[in-house]
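So the structure is just underneath, and the comments pick up after that.
A quick note: this is a predicted structure, and the numbers were derived from the prediction, not measured. The chain is numbered in sequence order, starting from 1.
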Amino acid sequence: MTSEAAAEPKPRARRSTNPKGDYYWLRSFIAGGVAGCCAKTTIAPLDRVKILLQAQNPHYKNLGVFSTLRAVPQKEGILGLYKGNGAMMVRIFPYGAIQFVAFENYKRLLRIKMGISGHIHQLMAGSMAGVTAVICTYPLDMVRARLAYQVKGYHSYTGIGHAFHSIYVKEGGFLGFYRGLTPTLLGMIPYAGLSFFTYDNLKTLGLKHFPATLGQPSSDNPNVLVLKPHVNLLCGGFAGLIAQTASYPLDVTRRRMQLSGVLPNSEKFRSPIKTLKFVYKQYGIRRGLYRGLSLNYIRCVPSQAVSFTTYELMRQVLHLN
């Protein structure tokens, strides 16, 4: 005779209610990737102009930011402002995804595993996240810079695939894709560190001291307080402004090294120090190391504002809070 306990049906295994068990990592990855794509699409025309000015493109070298913004559509059509943006989207989705996911994981690692907390904890996590994202996506950034530098009627590359093949064959194989990596990493350490540090602190201080004015309950978890969208935009924009100012000369160095294969005096761009010296001696500080900075201010504020705000919104949409 079967016992009552044996006769009872076995209870079904309950599905975990822990959001981190339900593809949490994948949802975080998607949130970061969408944030990066939205941010870069917003400022794609300004990015194209920045590259043309930084590298002293002969077709636009005597023009300023706004003059170049007017000249590019006249010479190349309106789509000329988006040249290289296809390669940018291929790069920026994994870049944004890796950066945001890595930041959250590095914060946890530094705090729990290594016992590091406070301001240094946020700076280190941001810098490490930026470095990780750059190393993983740098070849795509190299190709995007080469495509954006081209002017209509003077093309060296017919597309993304052709650019990859040409760089690999003519510029030292795989290592050719990482030309300019050192100044990029040196610039990314203060840029990403200060960007995440500034935004995180503004967010924390705002929600701590002015929760009713600056905050609102998260749509996916009413127990979590998040910044209102317009406050997020302001905090993200200010974070980008601080970070870009500190790292801009290294960004100019990176672009010069990336484009050395198509620039005259390419032998002078073989190392970060040589490149910095050449740009400084040839053009000085304002017209060399900080050339295009006014454009950078215009582009970095909306870029970082949109990036952080979109990421926070995607966290709610994908139930990450």
Side-chain angles (χ1 to χ4, degrees), residues 32-97 137-168 170-171 177 179-180 184 237 240 244 248 251-252 254-264 291-307 309-310:
V34 171
C37 287
C38 289
K40 285 297 182 183
T41 300
T42 302
I43 59 158
L46 297 173
D47 260 345
R48 172 85 203 284
V49 171
K50 186 188 81 162
I51 290 176
L52 293 171
L53 294 181
Q54 280 184 337
Q56 310 281 344
N57 187 287
H59 297 277
Y60 303 104
K61 67 179 181 179
N62 295 320
L63 301 178
V65 172
F66 296 107
S67 299
T68 305
L69 277 170
R70 290 193 298 268
V72 170
Q74 291 173 1
K75 185 177 181 62
E76 306 177 52
I78 192 66
L79 292 180
L81 291 170
Y82 290 87
K83 185 170 289 184
N85 197 52
M88 172 59 83
M89 290 300 100
V90 172
R91 166 191 171 259
I92 205 62
F93 186 91
Y95 177 88
T137 62
Y138 193 79
L140 289 167
D141 190 40
M142 164 73 83
V143 169
R144 187 258 167 173
R146 293 292 180 90
L147 293 175
Y149 180 76
Q150 295 183 132
V151 174
K152 187 176 182 179
Y154 300 89
H155 284 192
S156 300
Y157 311 109
T158 57
I160 296 174
H162 183 238
F164 266 110
H165 181 263
S166 297
I167 293 171
Y168 182 82
K170 299 177 182 178
E171 299 183 36
F177 292 109
R179 180 172 291 165
T184 303
Q244 287 284 358
Y248 192 76
D251 189 42
V252 173
R254 168 175 68 109
R255 287 300 184 202
R256 283 277 177 166
M257 293 188 71
Q258 284 182 332
L259 298 169
S260 61
V262 293
L263 289 175
R291 179 171 173 79
L293 181 61
S294 58
L295 172 63
N296 218 45
Y297 281 139
I298 295 169
R299 61 177 286 280
C300 75
V301 172
S303 173
Q304 287 300 88
V306 170
S307 179
T309 303
T310 304

Which residues share a side chain to side chain contact (heavy atoms under 4.5 Å, CB included) with [X], sequence neighbours left out:
{"X": "S166", "answer": "Y157, H162"}
{"X": "V301", "answer": "L241"}
{"X": "P139", "answer": "F164, F177, Y178"}
{"X": "I298", "answer": "L46, F66"}

Could you tell me the separation between the [atom1] atom of [X] and the [atom2] atom of [Y], rounded to the nearest 0.5 Å?
{"X": "L81", "Y": "R70", "atom1": "CG", "atom2": "CZ", "value": "12.5 Å"}
{"X": "E171", "Y": "M142", "atom1": "CD", "atom2": "CE", "value": "6.5 Å"}
{"X": "T137", "Y": "R91", "atom1": "OG1", "atom2": "CZ", "value": "4.5 Å"}

Keeping the roles fixed (side chain from Y248, backbone from R291), state whether a donor-acceptor pair exists under 3.5 Å.
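Answer holds: yes.
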Expected output: side-chain S307 to main-chain S303 donor-acceptor under 3.5 Å:
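Pair absent, no side-chain N/O of S307 close to backbone of S303.
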State which residues pass side-chain hydrogen bond (donor to acceptor under 3.5 Å, both in side chains) with Y168; sequence neighbours excluded, sorted by chain then number.
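Per chain and number, Y168 pairs via side-chain hydrogen bond (donor to acceptor under 3.5 Å, both in side chains) with no residue.
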Excluding sequence neighbours, so at least two apart, what forms side-chain hydrogen bond (donor to acceptor under 3.5 Å, both in side chains) with Y60?
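Here the qualifying residues are E76.
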Would you say that T184 contacts D141 through its side chain, given a criterion of any heavy-atom pair below 4.5 Å between the two side chains?
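Side chain of T184 against side chain of D141, heavy atoms only: no contact under 4.5 Å found.
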